[in-house]
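Reading through the structure tokens given below for one structure.
Atom set for the values below is all heavy atoms of this structure, side chains included, hydrogens, waters and symmetry mates excluded. Atoms within each ligand, like the ligands themselves, are counted from 1 in listed order.
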Amino acid sequence: MDLTGKKIVLGLTGGVACYKAAELCRALTKAGASVQVVMTDAAGHFITAVTMQALSGQPVFSSQWDPRVDNNMAHIDITRHADAILLAPCSADFLRKLAHGACDDLLSTMCLAKQRQLPLLVAPAMNVEMWQNPATQRNVAQLREDGVVFFGPAAGEQACGEVGLGRMLEPQQLLEELIAAFQPKVLAGKRILITAGPTFEAIDPVRGITNLSSGKMGYAVARAAREAGAEVVLISGPTALATPHGVQRINVQSAQQMHDAVMAAVDAQHVFIAVAAVADWRVANASDQKMKKKDDGSVPDLKFEQNPDILATVAARTSLAGYPYCVGFAAESENLLAFGAAKREKKGIPLLVGNIGHHTFGQDDNTIILFDENGHTILPRADKLTLARQLISEVSKRLDKYSLFQ
Ligand code: CTP
């Protein structure tokens, strides 16, 4: 589990988004974290300590005069063994307190007394006008300068009925952000373009040809790249997957659309990772209208033409201009070692990832082989996010060497 062994202090301040903190607390414990909840009195107007105690499995602290801590110094003891403080929801008033070093309740005193290296992560939640008010923005700017990390806020419809920036991120997004905060930032400052999922080649307006790719590996690679600090653009064929938080997603259907979207975005990228299962052929005589079944039993005479090879096209540009560093994927049904090495050469790319077996489509885990100029390395069976993180780490090491030659 991604947060196994991590001790998280979850601070709740006064805001209606406290109702989401219950779900967040559950998500954190399910991910393996031990959660110590600290609430302000204002938070207690929105959600009870009983609920948070039941979900965290630990008594909740609210008062700086709480005698349950042996030396009566809860404001120091609580954070000394923690791996992060996450304030969710964090109100406008609490941002003000943090920015000015206030310490007039347990949570603010604890934040002031925390050791410097302990990450302070805040998920603001407030009305749009409160968020945009220059006073709040001054506090936010000060806190960023002080090293506080902000998760959100998101834009959208608010509990008060107004619309705009100020919504707290959803519990699942906060969980992803927290997990990301613990990942090494090996791609900080890098821009990464990723293709994922299947393509869909139309036969007529209601039918088409596609493949069994679920997009899971490509989405895992996008999430891992974002966790590593990269700015990520994900060009995706049709999938039912949620976009990883913080990733910019562009939806396409056909291989030609995927090609055009990649070409429009590729110039600014440091790395291009082609995970998509792109259809090699499209229907050359696709019909504009729905094809009707024939009474005489005759079947459509479909003709095919080849789609552009997106990866090979980008790789050919790369050899002229340097970036992006290109990574391909290959799913072979036989002879992976020979076919993988040959495919890397043929596509003209420095790194190719081979899926062992073509039964990986739709699965949650996988075994992969990396092919590069030195041969191949096997990454043992693991879930796709774990493999994606290992791949991103391998890419970052190669990128460091690669950039020396640019
Ligand atoms: N790829 C691509 N554009 C295509 C076909 C493939 O960008 N039109 C990329 C895939 O995203 C993958 C790699 O090329 O990263 C290899 O895809 P694969 O289907 O295994 O190889 P093909 O080149 O199509 O060769 P074959 O199907 O004959 O094995």
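- Sorted by chain and number, the residues within 4.0 Å of ligand 1 by heavy atom are Ala274, Ala276, Val278, Asp280, Pro308, Asp309, Ile310, Leu311, Gly328, Phe329, Ala330, Ala331, Lys343, Lys347.
- For the pair Gln53 (side chain) and Val60 (backbone), a donor-acceptor distance under 3.5 Å is absent.
- Taking the ring axis of Phe150 as reference, the NZ or CZ atom of Arg144 stays within 45° of it and closer than 6.0 Å to the ring centre.
- Judged by the 6.0 Å distance and 45° axis criteria, Arg68 is positioned over the aromatic ring of Phe61.
- A donor-acceptor pair is defined here as one N or O able to donate and one able to accept, closer than 3.5 Å; such a pair exists between the side chain of Gln269 and the backbone of Ile192.
- A donor-acceptor contact closer than 3.5 angstrom links the side chains of Asn355 and Asn366.
- Heavy-atom contacts from other residues, nucleotides or ligands closer than 6.0 Å to NZ of Lys346 number 12 or fewer.
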